[in-house]
Student: 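So that we are looking at the same thing, I have put the structure below in structure tokens.
Reckoned from all heavy atoms, side chains included, excluding hydrogens, waters and symmetry mates.
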Amino acid sequence: MELTIECHQREAGSKARALRRSGLIPANLYGHKGNESISLTVDDKTVQNLLKSAVVNNTLINVNIPELSWNGKALLREVQRHPWKGFPYHLSFFSIASQKSVEVAVRLNFVGEAIGVKQSGGLLDSPLSEVRVQCPPDRIPEVIDVDVTDLAVGGSLAVKDLNIPEGVKIMAEPKQLVVTVLASRVTRKMAEDENQG
């Protein structure tokens, strides 16, 4: 998924609190020129809409800065939120225009109903909800689907079993457990009773 937002260059000396009161959220863009960063502002409504769709370190965003005649693809690197009110008060973007590959977190999407859950009353346990991947900026997967349909009780899938798109490399231990089907207490008790009988 790609999103487009318009940012404006922040005036030198402007105070973050005053900007927020006027409906603007401070932001920074990194990586467009080596270690340089640009101080920006983004309209509060634009930020609210962006955060409904964008995932930190995953979603490509077309950032447009009219005053600098700069337009490029960036990742939303960080969202700082107010400690108790929860609203966003600062964003960080990272330009990927010059990057051959980026490292991002991709959510795992569990698909289907495991046989071990459906037929044997097992419990699906998924210790991982996302994995870090390395890939070209234009190949960032939105999600990685994990089909659990064939998993019986005791069955599991590891990182090495994931079906990943071409050009994408998972940055996790291949043997790391992704999902398993555990026997429920009832199922375990039935099995114990059968063994004793």
Student: Examine Leu75 and Val55 and state if one hydrophobic cluster contains both, with Ile, Leu, Val, Met, Phe, Trp and Tyr joined whenever side-chain heavy atoms are less than 4.5 Å apart.
Tutor: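 No.
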Student: Looking only at the side chains, is there a donor atom on one of Asn57 and Arg77 sitting less than 3.5 Å from an acceptor on the other?
Tutor: yes
Student: Using the test salt bridge (Lys or Arg N to Asp or Glu O under 4.0 Å), find all partners of Glu78 that sit at least two apart in sequence or belong to another chain.
Tutor: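 Listed in chain order: nothing, the list is empty.
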Student: Going hydrophobic residue to hydrophobic residue with side-chain gaps under 4.5 angstrom, can you get from Leu157 over to Ile115?
Tutor: no
Student: Could you pull out all residues at least two apart from Arg132 that satisfy salt bridge (Lys or Arg N to Asp or Glu O under 4.0 Å)?
Tutor: Glu103
Student: Which pairs with one or both residues in residues 38-63 pass salt bridge (Lys or Arg N to Asp or Glu O under 4.0 Å), sequence neighbours excluded?
Tutor: none
Student: Does the side-chain contact (heavy atoms from CB on, under 4.5 Å) test come out yes or no for Val159 and Leu128, once each step is laid out?
Tutor: CA-CA 9 Å; Val159 165; Leu128 276 189; 4.2 Å; yes
Student: What's the shortest heavy-atom distance between Ile25 and Pro88, and which atoms?
Tutor: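 Shortest heavy-atom contact: CD1-O, 3.5 Å.
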Student: Which heavy atom of Asn58 sits nearest to which heavy atom of Glu142, and what is that distance?
Tutor: OD1-O, 3.8 Å
Student: Identify all side-chain donor-acceptor contacts of residues 165-179 below 3.5 Å with residues at least two apart in sequence or on another chain.
Tutor:
none

Student: Rest of the hydrophobic cluster containing Tyr89 (Ile/Leu/Val/Met/Phe/Trp/Tyr, side-chain heavy atoms under 4.5 Å)?
Tutor: Phe87
Student: Honestly curious: do Leu124 and Val153 fall in one hydrophobic cluster under the side-chain, below-4.5 Å linking rule?
Tutor: yes
Student: Tell me, yes or no, whether the heavy-atom count around Glu67 atom CD, taken from other residues, nucleotides or ligands under 6.0 Å, exceeds 12.
Tutor: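 More than 12 heavy atoms, drawn from other residues, nucleotides or ligands, come within 6.0 Å of this atom.
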Student: Has the side chain of Asn49 got a donor or acceptor atom that lies under 3.5 Å from a matching backbone atom of Thr46?
Tutor: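 No.
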Student: If you group Ile, Leu, Val, Met, Phe, Trp and Tyr whenever their side-chain heavy atoms sit less than 4.5 Å apart, what else falls in with Leu24?
Tutor: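 Grouped by the 4.5 Å side-chain rule, Leu19 form the rest of the cluster around Leu24.
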